[in-house]
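What follows is a single structure, written as structure tokens, with notes after it.
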Number of protein chains: 2
Amino acid sequence: MNIAQPVLDAGPCQHCGVRKNAICRVLDVHRELPEMGKSVRHRHYAAGHVIMSDQDPVSFLGTVLEGTVKLEKMMGDGRKQILGLLFPSDFLGRAHAKQSPYYAIALEPVKLCYAEAASFHRLLETFPKLETSLFERTLEALDHSREWMMLLGRKTARERVASFLCLLAERQAGPVTEGEPASDGPLVCRIPLTRGDIAEFLGLTMETVSRQIGELKSTGLIVPDSTRQVTIPSLSALREAAEKG
Amino acid sequence: MNIAQPVLDAGPCQHCGVRKNAICRVLDVHRELPEMGKSVRHRHYAAGHVIMSDQDPVSFLGTVLEGTVKLEKMMGDGRKQILGLLFPSDFLGRAHAKQSPYYAIALEPVKLCYAEAASFHRLLETFPKLETSLFERTLEALDHSREWMMLLGRKTARERVASFLCLLAERQAGPVTEGEPASDGPLVCRIPLTRGDIAEFLGLTMETVSRQIGELKSTGLIVPDSTRQVTIPSLSALREAAEKG
DNA sequence: CGTACTTTTGAGGCGGTTCAAAGAGAGTGG
DNA sequence: CCACTCTCTTTGAACCGCCTCAAAAGTACG
């Protein structure tokens, strides 16, 4: 008769909801993930909380588990620009740097899985494929950033707002499964940003954002649920409006 | 009596002019650099030549040895935006990708040190610190890209043009040596872009760029040498104009 | 129900664009 | 060496999209 083998504890990471999309997805569940699990902790931030400041040293890095984070840069005279948004499974923090070049601020209650900077860099050395994974994430971030340069440099206010809503909708729908021909049915899109924040992201003023959302509503490209939620009847039609007016 | 040892050939890379600033600077001159030297070739491009297209697969990657390259993205209707400029020692090409997400075009005669995509990725695997070096470059590119988002989203035309001239001047002056308190004397600044290209980089029209350069001249912040070269009496004064009008 | 914040709406102004044309270089061939 | 051409640059004038300023309306929360 067999004696029941004790199940090896694969650590807290094994059942993590974002693991399949986070940088740690490249780690072996049984051999490597538990090692990572020993280095990380969870932490909660209230909406509006400054997670990292461009003044402070980068003391920790990690992955967003829940909530939305804005990355923001500020000029000497107070002008602000949102550089990107982080959603669950996205990586937060600049590796190989002493100082964060921008602010990270929670837009809604945020749950973060983080490691101290020193132990995070130790993890990168221990698991080279983790560094490669982070590298690929960084390349994607660079692509997104350059996509947004196109938006900020060349798109009209209408196109910017439509692009923004597409971004939100696509992230909330989850990553596209290979081969599956992304359906075009109605999508509910929650907007975790104020009009002012949207304006900061799009290089506009909140008044212009408000007016453009109004016009998208009246043309039927979006249907208002509340001020912070819209339904998108056809994502492809909205995408169209985001690319050619 | 000693028999003269034959000097080991350290390969063509040993005396490379950009090595101390390129990704390969992390490689050991005698043990590792020759290995890299076996995988790379040089190639010349005439001004205006398309080095990489967003249509083509990424068949090679490399380092700019001479000249200036623009990275450009184009929308369906022809609107264009320059995403970044590459100067000697900068890296060209997107690792870990099948396709380049943008165009790379020579602005002046360009000399490139490149490797085929397959052998480049083999190099990355052989020398993990080469990948780390490239990763750090990518993080810097991301910082620059986000810096430019601030410019495109929030700066006035005057500030944009001043920022652009600062960028050129700083790159042409070479990397800042640690500890050395970068002098503020007159700087000659060559402009390897047409007014139209500058406009594409700054999210403006060429007419606006021309007018703003004119005004910077009349305020004395820059002194015209020719249409494609200016002298900057005080870089810090120009930087000032780039940040707060 | 009142207070504070967010969002919407309105009216007017301005910075940058658009359209048009003249001016300046750089290269070419007679 | 100069006229010719092509491209790039500058300048001018009118226009327009977005911003600014102001106030009302909506929403969240104690």
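Per chain, numbering begins at 1; letters A, B, ... match sequence-line order.
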*asked:* Could you check whether A:F120 and A:F91 have their ring centres less than 6.0 Å apart?
replied: yes
*Using whole Å, report how far CZ of A:R154 lies from C1' of C:dG16.*
11 Å
*Is the base of D:dG17 touched by the side chain of A:R211 through a donor-acceptor pair closer than 3.5 angstrom?*
no
*Round to a whole Å and report the spacing from CZ of A:R158 to P of D:dC18.*
9 Å
*Atom CD of B:E207 to atom C1' of D:dC8: distance rounded to whole Å?*
12 Å
*Quickly work out the B:K217 NZ to D:dT11 P distance and round it to whole Å.*
8 Å
_Distance-only polar pair, side chains of A:R190 and A:Q229, donor-acceptor under 3.5 Å_ = no
*For the side chain of A:R195, starting at C-beta, report the closest nucleotide among C:dG16, D:dT20, C:dT8.*
C:dT8
*asked:* Within the 4.0 Å heavy-atom criterion, would you say B:R160 contacts the bases, only the backbone, or no part of the nucleic acid?
replied: nothing
*So, do A:R146 and B:P101 sit near enough that their side-chain heavy atoms are less than 4.5 Å apart?*
no
*Would you indicate what B:T194 reaches in the nucleic acid, counting non-hydrogen atoms under 4.0 angstrom: base, sugar-phosphate, or nothing?*
sugar-phosphate
*Using the closest heavy atom to pick a nucleotide of DNA chain D for each, name whichever of A:Q212 or B:T208 lands nearer the 5' end.*
B:T208
*So which nucleotide from C:dT7, D:dT10, C:dT18 ends up closest to the side chain of A:S210?*
C:dT7
*May I have the step-by-step check of side chain to side chain contact (heavy atoms under 4.5 Å, CB included) for A:R41 and A:L112, ending in yes or no?*
CA-CA 8 Å; A:R41 299 260 180 293; A:L112 188 71; over 6 Å; no
*asked:* Below the 4.0 Å mark, does C:dT17 have OP1 or OP2 next to a side-chain nitrogen or oxygen of B:T205?
replied: yes
*Closest to side chain of B:L204, choosing from C:dT7, C:dT17, D:dT9*: C:dT17
*May I ask you to verify if any side-chain N or O of B:R228 is less than 4.0 angstrom from the OP1 or OP2 atom of D:dT9?*
yes
*Would you kindly give the CG-to-P distance between A:L152 and D:dC18, to the nearest whole Å?*
13 Å
_Looking at A:K73 and B:E147, is there a salt bridge between them, counting it only when a charged N and a carboxylate O are closer than 4.0 Å?_
yes
*Please state how far atom CD in B:E215 lies from atom C1' in C:dG16, giving the value in whole angstrom units.*
12 Å
*To the nearest Å, give me how far apart CZ (A:R79) and C1' (D:dT20) are.*
15 Å
_Measure CD/B:E200 against P/C:dT17 and give the value in whole Å, please._
13 Å
